[in-house]
Amino acid sequence: MAGARLLAAVLVLGLCAMAGAGKPSPCQCSRMNPDSRKNCGFPGITSEQCFSAGCCFDDSIPGVPWCFTPLPMQENEECVMEVSSRVNCGYPGISPEDCASRKCCFSDAIPEVPWCFFPKPVQDCHY
């Protein structure tokens, strides 16, 4: 019985944490390749429930998750994109400062991909 109460408390806390999550930006959602989507919901989830959990919602493509984990947020919205979409704007070992002087995006979180890359216009983004 105590185990069931503990499980209920954990579930409530998890739902509260999800409710506090913010709606992702349009670029975090629309620039995600549908084949790369990772499920973030449950069958029958509404767009409101999905967005309130901090996830993206797009039910226009059958056969892929409709509620899915967004792309990681970047310092600038123009820099939000899948790694495979990066077009190199620098050279190996470029510093964040040199990259910024080229008006490009910088992220060294993933090895063996361009760390300095061209931004994409935000006008391309939509829910």
Side-chain angles (χ1 to χ4, degrees):
M1 186 66 111
R5 286 191 193 128
L6 177 62
L7 179 59
V10 168
L11 288 173
V12 168
L13 289 173
L15 289 173
C16 289
M18 284 175 41
K23 184 176 183 178
S25 74
C27 290
Q28 286 179 278
C29 298
S30 66
R31 290 186 175 167
M32 172 71 73
N33 179 332
D35 294 330
S36 301
R37 292 180 180 177
K38 292 185 176 53
N39 199 357
C40 190
F42 51 87
I45 192 169
T46 66
S47 60
E48 293 80 22
Q49 290 170 317
C50 184
F51 284 134
S52 69
C55 300
C56 300
F57 188 87
D58 176 8
D59 61 359
S60 67
I61 304 170
V64 297
W66 291 355
C67 182
F68 54 96
T69 305
L71 289 169
M73 190 60 198
Q74 299 290 335
E75 187 173 322
N76 296 312
E77 191 71 3
E78 298 89 5
C79 299
V80 173
M81 67 186 78
E82 288 196 65
V83 173
S84 62
S85 297
R86 291 181 181 180
V87 176
N88 201 351
C89 183
Y91 50 87
I94 191 170
S95 71
E97 296 78 21
D98 285 345
C99 183
S101 73
R102 295 170 178 237
K103 301 199 181 325
C104 290
C105 305
F106 185 87
S107 175
D108 60 1
I110 302 171
E112 299 180 23
V113 299
W115 289 356
C116 182
F117 51 97
F118 287 100
K120 288 186 169 190
V122 175
Q123 300 88 300
D124 297 350
C125 300
H126 54 82
Y127 283 113

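Computed from heavy atoms alone, side chains included, the values below leave out hydrogens, waters and symmetry copies.
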Subject >> Heavy-atom closest pair, residues C27 and E77 >> reply: CB-OE2, 3.1 Å

Original post:
For the side chain of N33 and the backbone of D35, is there at least one donor-acceptor N/O pair under 3.5 Å apart?
Top reply: yes

Original post:
Would you say the side chain of K120 lies within less than 4.5 Å of the side chain of S85, judging by non-hydrogen atoms?
Top reply: yes

Original post:
For atom CD of E75, is the number of surrounding heavy atoms from other residues, nucleotides or ligands below 6.0 Å larger than 12?
Top reply: no

**OP:** Applying disulfide bond (SG atoms under 2.5 Å apart), run through C105 and C116 and close with a yes or a no.
**Re:** CA-CA 6 Å; C105 305; C116 182; over 6 Å; no

**OP:** Compare the SG-SG distance of C50 and C55 against 2.5 Å and report whether it is shorter.
**Re:** no

Original post:
Do V113 and F106 share a hydrophobic cluster, counting only Ile, Leu, Val, Met, Phe, Trp and Tyr and linking them when any side-chain heavy atoms are less than 4.5 Å apart?
Top reply: yes

Original post:
Is it true that C40 and C56 have SG atoms closer together than 2.5 Å?
Top reply: no

**OP:** Is it possible for you to say whether V83 and M73 belong to one hydrophobic cluster, with membership spreading through side-chain heavy-atom contacts below 4.5 Å?
**Re:** no

Original post:
Distance from F117 atom CZ to S107 atom OG, nearest 0.5 Å?
Top reply: 5.5 Å

Original post:
Quick one: are the C99 and C89 sulfurs under 2.5 Å apart?
Top reply: no

Subject >> Contact summary for D98 and Y91, nearest pair of heavy atoms >> reply: OD2-OH, 3.1 Å

Original post:
Linking I/L/V/M/F/W/Y whenever any side-chain heavy atoms sit under 4.5 Å apart, do M81 and V122 land together?
Top reply: no

**OP:** Identify the two heavy atoms, one from P121 and one from R31, that lie closest to each other, and give their separation to 0.1 Å.
**Re:** O-NH2, 2.6 Å

**OP:** Mind checking the CD-CZ spacing from Q28 to F68? Nearest 0.5 Å is all I need.
**Re:** 10.5 Å

**OP:** Decide whether M32 and I45 are clustered together by the hydrophobic rule: side chain heavy atoms of Ile, Leu, Val, Met, Phe, Trp, Tyr closer than 4.5 Å, transitively.
**Re:** no

Subject >> Residue pair T46 / Q49, side-chain donor-acceptor N/O under 3.5 Å >> reply: yes

**OP:** Looking only at non-hydrogen atoms, find the nearest pair between P62 and S60 and report the distance.
**Re:** CD-O, 3.7 Å

Original post:
Could you state the interatomic distance from SG (C67) to CZ (F42), rounded to the nearest 0.5 Å?
Top reply: 8.0 Å

Original post:
Any sub-3.5 Å donor-acceptor pair from W66's side-chain atoms to N39's backbone N or O?
Top reply: no

